[in-house]
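Computed from a predicted structure; not experimentally measured. Just so it is clear, the values below take in all heavy atoms, side chains as well, and ignore hydrogens, waters and symmetry mates.
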Amino acid sequence: MRAFVTGLDGFAGAHLAALLLGRGWALHGTVRRPQRLARLALLPAPGLAAPAQVVAVGAAAAVAAAVAAAQPEVLFHLAGLTFVPDAAADPGAAFRVNALGTLHVLAAVHRHAPGCRVVLVGSADAYGAVEAAALPVREACPLRPLSAYGSSKAAAELVAEQWQRSMGLDVVRLRPFNHTGPGQRPDFVCADFARQLVAVARGAQPARLRVGDLAPVRDFTDVRDVVAAYLAAAERGASGAVYNVCSGVGRSIRSVLDDLAAAVGVTVEVDIDPARVRPNRVPRLVGSAEALHTATGWAPTIAWAQTVADLVRSAAGATTAAPPADAARR
């Protein structure tokens, strides 16, 4: 099978690339900057079927040319502005990249690879204001986003649904909930905690962490399970369907911190940093992946303890050098 992955060099993109190459798929894709290709050292195979194209999804002609050259059978659309504070700081950029970028990808497929299946990776952040009575969240829950990021991902979904219905494209839409694991950029909460805790253990930081709100409950899944869900949806998902990707287990941010601290072997105090507290946050967001499991058989397989241990190992290996300022965020 020939796959095309937008955002090939991002957090989930690199893990998906490793999975696809391990399954023997021919792999093509796009990146934003050539230096990010260093992330592809994660791949357990000699390399890509063709060089990755340095393309921003906002550049319609470049996206079209890359898709035309690759002639993919499946396109995984992962590229986007994915860090919620960045979207809040520049909502226009969030919509240009996430919604308009999706339009460019769909138009490229329609014109140059009309038989290609598109796996659109959205976000559970599009659900937004979910009432407690609606938990666990199922796909029929209305989208009522509370953030610029969430609304940009909801808009991308609507664009994809329109192209599927009116233009006949084969599109499967996914709504992943929080995911984490090795290689995640350290300004995301789990990786940030791991980085700080490793620094405490090494004596490089006082045993006092700057944190945001620790009360919210979120549904975390290991990124390696998440990309396995993407592949399952590509292979066995129904055209036009939408699926949650989640564990179904709620964990408070406080419990995540405690689990990581125990894995590192340190005890810390915390200071709430107002700059890290997001407005309009939902107290509890936990999903149901029953629809995806029924359609494809997918279920998470990586234990939370393994994810925590791998986060710590990843943080320990990354503390000797700062992450690149333009690293992909997911």
*Taking the hydrophobic residues Ile, Leu, Val, Met, Phe, Trp and Tyr, and joining any pair whose side-chain heavy atoms are under 4.5 Å apart, which ones share a cluster with Val249?*
none
*Would you say the side chain of Phe220 lies within less than 4.5 Å of the side chain of Ser247, judging by non-hydrogen atoms?*
no
_Show me the pairs that pass side chain to side chain donor-acceptor pair (under 3.5 Å) and involve residues 128-137, at least two apart or across chains._
none
*So which heavy atom on Ala3 is nearest to which on Pro72, and how close?*
C-CB, 4.4 Å
_So, using salt bridge (Lys or Arg N to Asp or Glu O under 4.0 Å) as the criterion, who are the partners of Arg236 when residues are at least two apart?_
none
*Mind checking the CG-CD spacing from Asp192 to Gln184? Nearest 0.5 Å is all I need.*
10.0 Å
*Leu257: what forms a side-chain contact (heavy atoms from CB on, under 4.5 Å) with it, not counting sequence neighbours?*
Phe193, Leu197, Leu209, Leu214, Arg254, Val270
*Is the backbone of Gly181 close enough, under 3.5 Å, to the side chain of His15 for a donor and an acceptor to pair up by distance?*
no
*List the steps and the verdict of side-chain contact (heavy atoms from CB on, under 4.5 Å) for Val211 and Asp271.*
CA-CA 6 Å; Val211 302; Asp271 288 323; over 6 Å; no
*Minimum heavy-atom separation for Asn244 to Val137, with atom names?*
ND2-O, 3.0 Å
*Side-chain contact test, heavy atoms from C-beta onward, threshold under 4.5 Å: evaluate it for Pro176 versus Tyr230 and give yes or no.*
yes
_Side-chain donor or acceptor of Thr6 paired with backbone N/O of Leu78 under 3.5 Å_ = yes
*Counting N and O atoms only, with roles assigned by atom type, does the side chain of His28 sit under 3.5 Å from a partner on the main chain of Phe4, one being a donor and the other an acceptor?*
no
_Between Thr296 and Glu235, is there a side-chain heavy-atom distance shorter than 4.5 Å?_
no
*Are Leu169 and Val109 close enough that some pair of their side-chain heavy atoms sits under 4.5 Å apart?*
yes
_Restricting to non-hydrogen atoms, name the atom on Leu19 and the atom on Val227 that form the minimum distance, rounded to 0.1 Å._
CD2-O, 3.6 Å
*Can you tell me how far CZ of Phe11 sits from NE2 of His179, rounded to the nearest 0.5 angstrom?*
6.0 Å
_Can you list everything that forms a side-chain contact (heavy atoms from CB on, under 4.5 Å) with Ala234? Sequence neighbours excluded, please._
Val74, Phe76, Val119
_Heavy-atom pair with the smallest gap, counting every atom of Val308 and Ala263_ = CG1-CB, 3.6 Å
*asked:* How about CZ on Arg111, more than 12 heavy atoms from neighbouring residues, nucleotides or ligands closer than 6.0 Å, or not?
replied: no
*Could you pull out all residues at least two apart from Ala295 that satisfy side-chain contact (heavy atoms from CB on, under 4.5 Å)?*
Tyr243
*Less than 4.5 Å apart, any side-chain heavy atom of Asp187 and any of Phe83?*
yes
*With sequence neighbours excluded, tell me which residues meet side-chain contact (heavy atoms from CB on, under 4.5 Å) with Val242.*
Glu139, Glu157, Arg173, Arg175
*In terms of hydrophobic clustering (I, L, V, M, F, W, Y; side-chain heavy atoms under 4.5 Å; direct or indirect links), are Leu231 and Leu27 co-clustered?*
yes
*Does some side-chain heavy atom of Thr221 sit less than 4.5 Å from a side-chain heavy atom of Asn178?*
no
*Indicate, with yes or no, if Phe177 and Val223 share a hydrophobic cluster defined by side-chain heavy-atom contacts under 4.5 Å among Ile, Leu, Val, Met, Phe, Trp and Tyr.*
no
*From CA spacing to verdict: side-chain contact (heavy atoms from CB on, under 4.5 Å), Leu81, Asp90*: CA-CA 10 Å; Leu81 192 159; Asp90 192 347; 5.8 Å; no
For residues 283-292, tabulate all N or O donor-acceptor pairs below 3.5 Å that involve a side-chain atom, not counting sequence neighbours.
residue	atom	partner	partner atom	Å
Ser288	OG	Arg138	NH1	3.2
Ser288	OG	Glu290	N	3.3
Glu290	OE1	Arg138	NH1	2.8

*Yes or no on side-chain contact (heavy atoms from CB on, under 4.5 Å) for Leu174 and Leu120, after CA distance, side-chain angles and deciding distance?*
CA-CA 6 Å; Leu174 302 179; Leu120 176 74; over 6 Å; no
*Do the side chains of Trp25 and Val121 join up, straight or via other hydrophobic residues, at under 4.5 Å, putting them in one cluster?*
yes
*Nearest non-hydrogen partners of Ala154 and Pro145, listed with the distance*: CB-CG, 4.4 Å
*Check the surroundings of atom CZ in Arg210: do more than 12 heavy atoms from other residues, nucleotides or ligands lie under 6.0 Å from it?*
no
*Smallest separation among heavy atoms of His293 and Ala299, with atom names*: ND1-CB, 4.1 Å
*Are Trp304 and Ile253 in one and the same hydrophobic cluster, where Ile, Leu, Val, Met, Phe, Trp and Tyr link if side-chain heavy atoms are under 4.5 Å apart?*
yes
*With sequence neighbours excluded, what pairs up with Trp163 under the side chain to side chain donor-acceptor pair (under 3.5 Å) test?*
none
*What distance do Ser255 atom OG and Leu260 atom CG have between them, rounded to the nearest 0.5 Å?*
9.5 Å
*Counting N and O atoms only, with roles assigned by atom type, does the side chain of Asp219 sit under 3.5 Å from a partner on the main chain of Cys246, one being a donor and the other an acceptor?*
no
_List the residues meeting salt bridge (Lys or Arg N to Asp or Glu O under 4.0 Å) with Arg224, not counting sequence neighbours, and say none if there are none._
Asp222, Asp310
*Are Val282 and Val277 linked, directly or through other ILVMFWY residues, by side chains that come within less than 4.5 angstrom of each other?*
no
*Output yes when a side-chain donor or acceptor of Gln71 lies under 3.5 Å from a complementary backbone atom of His112, and no otherwise.*
yes
*asked:* Are Thr180 and Leu311 packed together at the side-chain level, in the sense that at least one heavy-atom pair is separated by less than 4.5 angstrom?
replied: yes
*Is the backbone N or O of Gly240 less than 3.5 Å from a side-chain atom of Arg165, with the two atoms forming a donor-acceptor pair by type?*
no
*Are Tyr149 and Asn98 close enough that some pair of their side-chain heavy atoms sits under 4.5 Å apart?*
yes
*Lys/Arg N to Asp/Glu carboxylate O, Arg117 vs Asp170, below 4.0 Å*: yes
*What residues, two or more places apart in sequence or in another chain, satisfy side chain to side chain donor-acceptor pair (under 3.5 Å) together with Ser123?*
none
*Say whether, by atom type as modelled, one donor and one acceptor occur between the side chain of Glu73 and the main chain of Arg2 under 3.5 angstrom.*
yes
*Taking side chain to side chain donor-acceptor pair (under 3.5 Å) as the test, write out the residues that go with Arg281, two or more places apart.*
Asp213
*Is there a donor-acceptor contact under 3.5 Å from the side chain of Thr102 to the main chain of Ala156?*
no
_Full working for side chain to side chain donor-acceptor pair (under 3.5 Å) between Asp225 and Thr301_ = CA-CA 7 Å; Asp225 276 332; Thr301 62; 3.0 Å; yes
